[in-house]
2 protein chains.
Amino acid sequence: MSPRRSVADARQTRAVILDRAMEKASIEGLDGLTIGRLAADLGMSKSGLLGHFGSKESLQLAVLDAASAVFAREVVARAGGTPAGMSRLVALCDAWVSFLERGVFPGGCLFTAAAAEFDDRPGPVRDAVAGIHARWQEHLRRHVRQAVTDGDLPADTDSEQVVFELVGIVLALNHALQLNNDRRAPERARDAIARLLCGRLLSEYSGLPPGIPGIRA
Amino acid sequence: MSPRRSVADARQTRAVILDRAMEKASIEGLDGLTIGRLAADLGMSKSGLLGHFGSKESLQLAVLDAASAVFAREVVARAGGTPAGMSRLVALCDAWVSFLERGVFPGGCLFTAAAAEFDDRPGPVRDAVAGIHARWQEHLRRHVRQAVTDGDLPADTDSEQVVFELVGIVLALNHALQLNNDRRAPERARDAIARLLCGRLLSEYSGLPPGIPGIRA
DNA sequence: CCTACCGATCGGTAGG
DNA sequence: CCTACCGATCGGTAGG
């Protein structure tokens with residue numbers, strides 16, 4: 001074994017850097033993340049770290065890629081066993097809430113934090129953040145439309161409206177968890193989602209009989 | 001007139017600084033705001049600017065105070081003419097959506113941006129942000145409860161749940177406006193709010209007849 | 001992967 | 001309100 005590291009070692013180092021960078025970025029933001037402090041945390045030099053990415057912007061893009069992979073594993077894959085359409089939609093939303101409830105990223109949703117930081121700064125990072133959000137919302141929309149096709153949602157359901165409201169519920173959840181440490185927020189989010197998608201918990205929420213005729217056959 | 005400025009002049013200068021600081025903070029965040037660039041924007045020296053506040057943290061707290069005053073004027077006061085309870089709640093929500101639609105802060109909701117930045121950083125700024133959010137949500141909750149008392153919402157309405165969902169809708173609106181420049185988002189937000197509070201637009205949204213029995217008498 | 005360094009900028013202070 | 005300055009830290013580079 002020579003002191004020169006192999007390609008595999010370099011890849012492993014890169015993965016370790018990105019794991020730590022995701023944690024820090026969820027807490028401090030993608031821009032609040034600095035190369036110097038990240039390197040110090042990892043016990044390596046700034047230039048040693050930067051060598052893996054080339055620039056801070058490239059590091060930020062790599063962090064977004066890595067975080068997308070985490071989201072795919074912790075949310076999308078967990079719902080993969082259910083049939084497309086309403087079942088998948090419900091499973092995706094449940095996994096999404098669980099993702100925040102479990103605190104997969106210690107500082108809350110990295111994408112939400114990145115969106116707030118970069119929404120007014122044109123460039124590759126903003127484009128990447130917007131693309132991640134667009135792809136996820138399209139993914140949800142696809143299953144809303146499938147649910148409509150299957151007759152599980154009314155024929156004239158506005159899929160964009162449903163996704164808009166789902167996003168809102170989860171943003172409110174992230175907000176309540178991060179700012180107020182409100183442990184009841186995940187239940188509130190699940191109730192809101194169930195009511196939006198199925199009217200299932202409307203009875204518990206407002207005293208109405210379960211099921212709004214027309215929403216759920 | 002001596003070259004030494006009066007107390008009134010100093011107060012005016014402070015107000016001008018805070019106006020510009022609010023604009024920049026809504027775009028760059030409360031921490032992204034730097035004394036040097038803010039001073040350069042205003043054509044004054046860093047130390048001249050810092051003399052009005054003492055430290056960056058004090059400037060951040062002053063910006064939050066000033067932004068609260070803007071919110072009180074642009075949202076709360078606009079709904080002040082309507083009776084407490086359901087009417088006021090609807091007017092507050094409409095003014096809230098309008099506040100974002102009109103772009104009162106050029107970079108979107110300063111409070112949302114500040115919450116994302118400071119939710120993981122204990123200290124006076126985080127406390128101020130959390131306090132502003134808590135007061136606003138309590139304000140909304142008060143009118144939800146009044147609406148229940150008046151019989152405009154069901155007796156077992158969970159006021160915290162309603163406020164949680166209202167916050168989510170407006171967070172989704174801010175998100176859609178800032179990240180996607182989605183001009184239809186304000187209408188989506190109004191639809192979602194109306195459906196949440198009154199079931200009024202449920203017919204347009206999902207084909208149901210207007211009014212869910214029990215939600216709105 | 002390191003040390004050693006660069007110019008720029010940060011928040012803040014001294015002194016007037 | 002200014003100029004002039006402080007130490008610290010930023011992203012990044014040179015050279016090995």
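Within every chain, numbering begins at 1; the chains are lettered A, B, ... in the order of the sequence lines, protein sequences first and strands thereafter. The figures here come from the full heavy-atom set of this structure, side chains too, leaving out hydrogens, waters and symmetry mates.
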Open item on the list: Taking the basic N atoms (NZ, or NE/NH1/NH2) and the acidic carboxylate oxygens, is any pair closer than 4.0 Å for A:Arg121 and B:Glu28?
Closed with: no
Open item on the list: OP1 or OP2 of C:dC1 versus the side-chain N and O atoms of A:Ser45: is any pair under 4.0 Å?
Closed with: no
Open item on the list: Are more than 12 heavy atoms, taken from residues, nucleotides or ligands other than B:Arg183, located less than 6.0 Å from that residue's CZ atom?
Closed with: no
Open item on the list: Expected output check: what is the dot-bracket annotation of DNA chain D, where ( ) and [ ] are pairs inside the strand (brackets for crossing ones), | is paired with another strand, and pairs are Watson-Crick or G-U under 3.5 Å?
Closed with: ||||||||||||||||
- [ ] From the options D:dC2, C:dC1, D:dG11, select the nucleotide whose nearest atom is closest to the side chain of A:Thr34.
- [x] D:dG11
Task: Nucleotide C:dG11, atom P - distance to CG of B:Leu49 in whole Å - done: 11 Å
Task: Nucleotide D:dC10, atom P - distance to CZ of B:Arg37 in whole Å - done: 15 Å
TODO: Take atom CZ of B:Arg11 and atom C1' of D:dC1, then tell me their distance rounded to the nearest Å.
DONE: 17 Å
Task: NZ/NE/NH1/NH2 to OD/OE distance under 4.0 Å, A:Arg126 and A:Asp120 - done: no
Task: Residues B:Glu138, B:Arg145: salt bridge by 4.0 Å N-O rule - done: yes
Task: Under 3.5 Å side-chain donor-acceptor pair for A:Gln146 and A:Asp152 - done: no
TODO: Specify the separation, in whole Å, of atom CG of A:Leu38 and atom P of D:dT9.
DONE: 16 Å
Please list, pair by pair, any protein nitrogen or oxygen found under 3.5 Å from a nitrogen or oxygen in nucleotides 12-16 of chain C.
residue	atom	partner	partner atom	Å
C:dG12	OP2	B:Lys56	N	2.5
C:dG12	O6	B:Lys46	NZ	3.2

- [ ] Answer yes or no: is there a side-chain heavy-atom contact under 4.5 Å between A:Trp96 and A:Val167?
- [x] yes
- [ ] Could you check how far CG of A:Leu42 sits from C1' of C:dC1, rounded to whole Å?
- [x] 13 Å
- [ ] Would you mind reading off the distance between B:Leu59 atom CG and C:dC10 atom C1', rounded to a whole angstrom?
- [x] 14 Å
TODO: Name the nucleic acid region contacted by B:Leu33, choosing base, sugar-phosphate or nothing; use a 4.0 angstrom heavy-atom cut-off, strictly under.
DONE: sugar-phosphate
Open item on the list: Check the orientation of B:His139 and B:Trp136. Use parallel for under 30°, tilted for 30 to 60°, and perpendicular for over 60°.
Closed with: parallel
TODO: Give the rounded distance in Å between these two atoms: NE2 of B:His52 and P of C:dG11.
DONE: 17 Å
- [ ] Output yes when A:Arg190 and A:Asp94 qualify as a salt bridge under the 4.0 Å nitrogen-oxygen rule, no when they do not.
- [x] yes
Open item on the list: Quick test of your reading of the model: are B:Arg188 and A:Glu165 salt-bridged, counting only N-O distances below 4.0 Å?
Closed with: no
